Participant: 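What follows is a single structure, and I will ask about it in a moment.
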Amino acid sequence: MAGAGRGRLCPVCLRPARDGGCVEHGPWAPHQLATIDDRRAAGRGSWLPFEPLMHACPRCLGEVAEGRHGWECVESAHGRDPHGPYRVDELLGIAGQRNGAACRERFARRARVRQRSGPQLPALPAIDAARLWRLIAAATVLAATVAFLSR
């Protein structure tokens with residue numbers, strides 16, 4: 001487990017967990033704690049509507065499957081930062097999943113707002129070259145007519 005113990009965030013509220021414990025959600029094992037990468041991934045997805053599972057990975061709220069050494073996350077079991085193995089009592093239940101999904105939705109909403117928060121200039125329609133030449137020709141004829149009449 002190359003990435004085990006790197007997490008520093010509560011897996012439910014994604015806030016910093018001091019000494020492995022969250023003020024709201026209690027103590028966590030080091031391999032249950034979410035990482036900054038987990039929080040970034042949470043900000044990229046849409047979490048509502050959320051359908052809780054019987055048991056879910058505490059780091060990403062994904063499905064888990066039983067393996068040789070315990071329960072492992074189906075989506076992230078073989079990546080460079082594997083999620084698991086977990087014991088059954090280390091998995092998130094339905095209430096924890098709902099709270100975690102609500103928190104992750106707030107992160108995703110903030111990320112979407114940050115992407116849109118820059119100044120938005122109105123998009124000008126592209127001018128057709130043929131129409132531009134007709135407009136220039138009309139302006140030239142009008143200018144020549146005014147010049148002729150002013151003499």
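Heads up: numbering here begins at 1 and tracks the sequence. If you're wondering where the values come from, they're calculated on a predicted model, not measured in any experiment.
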Participant: Identify the two heavy atoms, one from Pro58 and one from Arg104, that lie closest to each other, and give their separation to 0.1 Å.
Facilitator: O-NH2, 3.7 Å

Participant: Mind checking what makes side-chain contact (heavy atoms from CB on, under 4.5 Å) contact with His25, not counting sequence neighbours?
Facilitator: Cys10, Val12, Cys13, Cys22, Trp28

Participant: Residues two or more places apart in sequence or in another chain: which of them pass side-chain contact (heavy atoms from CB on, under 4.5 Å) with Glu63?
Facilitator: Leu53, Val74

Participant: In Å, rounded to the nearest 0.5 Å, how long is the span from CG of Leu92 to CD of Gln32?
Facilitator: 7.5 Å

Participant: So, for Val64 and Ala56, which heavy atoms are closest and what is the spacing to 0.1 Å?
Facilitator: CG1-C, 4.0 Å

Participant: Under the rule for side-chain contact (heavy atoms from CB on, under 4.5 Å), what residues qualify as partners of Asp89, not counting sequence neighbours?
Facilitator: Arg87

Participant: May I have all residue pairs that pass ring-ring contact (aromatic ring centres under 6.0 Å, His included) and include part of residues 86-116, sequence neighbours excluded?
Facilitator: His31-Tyr86

Participant: First locate atom CZ of Arg8, then atom CG of Asp19, and finally report the distance between them rounded to the nearest 0.5 Å.
Facilitator: 10.5 Å

Participant: Can we say Glu105 and Arg112 salt-bridge, meaning some charged N sits less than 4.0 Å from an Asp/Glu carboxylate O?
Facilitator: yes

Participant: Over all heavy atoms of both residues, which pair between Ala34 and Arg59 is shortest? Give the atoms and the distance, please.
Facilitator: CA-CG, 4.3 Å

Participant: Just checking Ile127: does its CD1 atom have more than 12 heavy atoms from other residues, nucleotides or ligands closer to it than 6.0 angstrom?
Facilitator: no

Participant: Report the distance from atom CZ of Arg40 to atom OG1 of Thr35, rounding to the nearest 0.5 Å.
Facilitator: 8.5 Å

Participant: Do Val113 and Arg110 have side chains that approach each other closer than 4.5 Å (heavy atoms only, starting at C-beta)?
Facilitator: no

Participant: Hey, could you give me each pair passing side chain to side chain donor-acceptor pair (under 3.5 Å) that has a residue in residues 140-151? Not counting sequence neighbours.
Facilitator: none

Participant: Under the rule for side-chain contact (heavy atoms from CB on, under 4.5 Å), what residues qualify as partners of Pro52, not counting sequence neighbours?
Facilitator: Phe50, Ile94, Gln97, Arg98

Participant: With a 4.5 Å cut-off on side-chain heavy atoms, are Leu9 and Leu33 touching?
Facilitator: no

Participant: Please examine the side chains of Asp38 and His83, heavy atoms only from C-beta on, and report whether any two atoms are closer than 4.5 Å.
Facilitator: yes

